[in-house]
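Chain letters run A, B, ... following the sequence lines, proteins first, then strands; residues in each count from 1. Please read all numbers here as calculations on a predicted model, not as lab measurements. The figures that follow rest on heavy atoms only: side chains count, while hydrogens, waters and symmetry mates do not.
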Number of protein chains: 2
Amino acid sequence: MAGFTFDQQSNISLREKVTNDIRNAILTGELQSGSRLKEMDIAEQMGVSRGPIREAIRQLEREGLLISYPYRETVVADITIDEVKDILIPIRMHLEWFVIQRYIHQMDDSFIAQLQQIVDRMTLCFKEGKLEQLVELDMLFHETLINLAVERTVLMTWRSILNQTRLHFIKNIRYYSNDTIVQDHQTLLDKLASKDMDSILEELQHHMKGDESFLFS
Amino acid sequence: MAGFTFDQQSNISLREKVTNDIRNAILTGELQSGSRLKEMDIAEQMGVSRGPIREAIRQLEREGLLISYPYRETVVADITIDEVKDILIPIRMHLEWFVIQRYIHQMDDSFIAQLQQIVDRMTLCFKEGKLEQLVELDMLFHETLINLAVERTVLMTWRSILNQTRLHFIKNIRYYSNDTIVQDHQTLLDKLASKDMDSILEELQHHMKGDESFLFS
DNA sequence: AGTTTGAATATTGTTGACAATATTCATCTT
DNA sequence: AAGATGAATATTGTCAACAATATTCAAACT
C-alpha cells in the first residue's frame, strides 16, 4: 500500500455526544447551577430517545456536574470555593506530584517546549483580557502533565475533578489575580525544566495555596 | 397521631439494585479482574431488561470497578498495588484530614466511643483470623470519619475510591501485617480523642505510609 | 381559612424490539 | 500454508411504548 492512510473513523456513540453537549452547556453557563434537567426536553431538543440521555446523566453525575434524585429530578450541581480550594486542588496536586515523580525522565526538551507554548499563550490571553481562554489554557497545562501517566486511576481521578474545577474557574476567574496565575505556571515550568525534585515539590505546594491571590477568602 | 411511625418505604430503583449486585459480585471475587460482562447474560440472570444494567455499568465505571470499551465489551478492572499506595490512599488521607480539621468539634465522647467499638471489633477479628471482616471494619472506621462531612465533593470523591481500595485489601489482606493495622487505628483514635491537631496530622502521615508493613514492595 | 382527598398531569423508571457494530469462521485466492 | 473475503453470529447501541412514582390543583370537609 502507498504511504497514504485514512483517518480512523471516529466511532463515537450517541451517549458520548449527548454527554459532551450537556457538559458544554453547563461549562458555558447556558445551564446554570441549580437548574433542572428534564430528560424528555433534552431528548426532543437533541432529536434522540431518552436512553442515551439517561446514560449521559449517570456519567455526568460521577463527574460532579449533575445531581440526580431518584424518581424526582436531576439538577446542575453547585461547587463551593472551599471545596475547590481545600479538596479538589490538593487532590490535583497529589496527582501531579505522582506523575512528575514517575515520569520526570519523559519530560524531554520537546515536552518542556510544548508546555512553554501553553504558558506563552496564557501570557497573551492575560494581556488581551481573554479570561475564558486563560482558564482553558490553565486546564490544558495541567492536563498535559497528567496525560503522561498510563495509570488508569490517575486519569480517572483527574477526570472526576477536572470539570468541577473548570466550572469553578470559569465562574470566578475575574476574582483571581490573573497575573499571578500566569507567573505561577512559568515558575513551575522552569523548575520542571531544571529537574530538581525538591524545588518542584516546593513550587507545587506553593501553587496549591495559590488561592491566596483570591480576592475574597 | 400517636407516637408510632412507619419506616420510610425504601424506594430503591432497579438500577441501584443491579449496581449493588454487580458491585458485590466483584468485591466477593465472584467476578474476577479481567472477566467480561455481557449485558444480556446479566439481564437474563437477574430477570430484568438491559436498560438498568447499562445504567449500572456507567455508574460502576465511575467507581473504577468496570472498564467499558464502546461497541465492544466491558470488563472488571484491575487495581495495582502502586495505584492504591501512591494515589488512592494519599487522596483518602487528604479527605480525612479535611474532615478532621473541619469537624473536630463534632467528635464528642459518643463519637469516639463509636470508633472505639469498631477498633475493638477489629481486635477480635484479628485474634480470630477473620480477615474479610477486618477489611470491612477498616473501611467502616474511615467511612465513619468521612461521613461527618456534608460537603458533596468529599463524599463523592470518597465513594469513587472506596471500592477500589476495598477490592485491593480484600485481595491482598493476607500480605499485610494485620496486627499493625489494628494498632494504627487505635493510635489514630487515641490522638483524635486528645484533639491535638499536630499529633493527629503526624499520625495520619504515618498511617498513609502504613504500607511499609507490606511484605513485598 | 386551613386541611385532606383524589383525579389529572408531568416526569422518571423499565421494557422488548430493532439497528449498528464487532467477532467468528468457513471459503476462496495466491 | 498464509492471507483476504464475506456470510453468519454475537454483542452493544438506540428507540418508542408502557409502568411506576411524584406533583399539581380543584373539590370536599372541618
Side-chain angles (χ1 to χ4, degrees), chain A residues 1-2 4-23 25-26 31-63 65-77, chain B residues 1-2 4-23 25-26 31-63 65-77:
Chain A
M1 264 237 222
F4 180 80
T5 56
F6 283 101
D7 289 344
Q8 167 109 26
Q9 194 88 3
S10 84
N11 201 343
I12 208 166
S13 64
L14 209 44
R15 96 164 167 265
E16 280 181 84
K17 270 187 265 184
V18 171
T19 307
N20 292 336
D21 285 358
I22 298 178
R23 188 193 295 114
I26 295 172
L31 284 173
Q32 302 260 347
S33 290
S35 55
R36 180 177 183 181
L37 264 68
K38 293 178 190 169
E39 297 172 2
M40 203 42 172
D41 288 0
I42 301 175
E44 273 173 10
Q45 284 170 33
M46 293 189 179
V48 301
S49 79
R50 281 170 54 227
I53 309 275
R54 288 175 61 83
E55 291 187 46
I57 289 175
R58 297 287 90 73
Q59 233 159 299
L60 291 168
E61 229 184 317
R62 293 288 169 179
E63 281 183 32
L65 293 180
L66 294 180
I67 307 170
S68 156
Y69 304 96
Y71 284 108
R72 303 198 49 213
E73 57 178 4
T74 101
V75 298
V76 178
Chain B
M1 261 238 225
F4 180 80
T5 56
F6 282 102
D7 288 344
Q8 167 109 27
Q9 193 88 5
S10 84
N11 201 341
I12 209 166
S13 64
L14 208 45
R15 98 166 164 263
E16 279 180 85
K17 268 187 266 183
V18 171
T19 307
N20 291 337
D21 285 358
I22 298 179
R23 190 192 294 114
I26 295 172
L31 285 173
Q32 302 260 348
S33 292
S35 54
R36 180 177 183 181
L37 263 69
K38 293 178 191 172
E39 298 173 1
M40 204 45 172
D41 288 0
I42 301 175
E44 272 173 10
Q45 284 169 34
M46 293 189 180
V48 302
S49 78
R50 280 171 55 227
I53 309 276
R54 287 176 62 83
E55 291 187 48
I57 289 175
R58 297 287 90 73
Q59 229 157 303
L60 291 167
E61 226 183 321
R62 294 287 169 179
E63 282 183 32
L65 293 180
L66 294 179
I67 307 171
S68 157
Y69 304 96
Y71 284 108
R72 305 200 45 214
E73 57 179 2
T74 101
V75 298
V76 178

Find the distance B:R58:CZ to D:dT14:C1' and express it as a whole number of Å. 13 Å
Grab the two heavy atoms, one from B:S33 and one from B:A77, that are nearest each other, plus how far apart they are. OG-O, 3.0 Å
Mind calculating the distance between CG (A:L14) and P (D:dG13) to the nearest angstrom? 11 Å
Using whole Å, report how far OH of B:Y69 lies from P of C:dA22. 15 Å
Is the phosphate of C:dT23, meaning OP1 or OP2, less than 4.0 Å from a side-chain N or O of B:R72? yes
Under 4.0 Å protein heavy-atom contact, by nucleotide of nucleotides 16-21 of chain C - B base, S sugar-phosphate only: -----S
Return the value, rounded to whole Å, for the distance between atom CD of A:E73 and atom P of C:dT11. 11 Å
Among A:T19, A:I57, A:L60, which one satisfies side-chain contact (heavy atoms from CB on, under 4.5 Å) with A:L65? A:L60
Rounded to the Å, how far apart are A:E16 CD and D:dT14 C1'? 14 Å
Which atom pair, heavy atoms only, marks the closest approach of B:A56 to B:R15? CB-O, 4.0 Å
Atom-to-atom span, CD1 of A:I53 to P of D:dG13 - whole angstrom: 16 Å
Expressed as a whole number of angstroms, how long is the span from A:E55:CD to D:dG13:P? 7 Å
Closest contact, heavy atoms only, A:I12 versus A:N20: CD1-ND2, 4.2 Å
Whole angstrom value for the distance that separates P of D:dT12 from CD1 of B:I67: 15 Å
List the atom of A:R72, the atom of A:R36, and the distance in Å for their closest heavy-atom pair. O-NH2, 3.2 Å
Shortest side-chain distance from A:R54, nucleotide among D:dT14, C:dT11, C:dT14: C:dT14
Looking only at non-hydrogen atoms, find the nearest pair between B:V18 and B:M46 and report the distance. CG2-SD, 3.9 Å
Do A:E61 and A:R58 sit within salt-bridge range, that is, some charged N less than 4.0 Å from a carboxylate O? yes
So A:R15, base contact, sugar-phosphate only, or nothing? Heavy-atom distance under 4.0 Å. sugar-phosphate
If you find the nucleotide of DNA chain D closest to A:R36 and the one closest to B:E39, which residue's nucleotide is nearer the 5' end? B:E39
Within the structure shown, what part of the strands sits under 4.0 Å from A:L37 by heavy-atom distance: base, sugar-phosphate, or nothing? sugar-phosphate
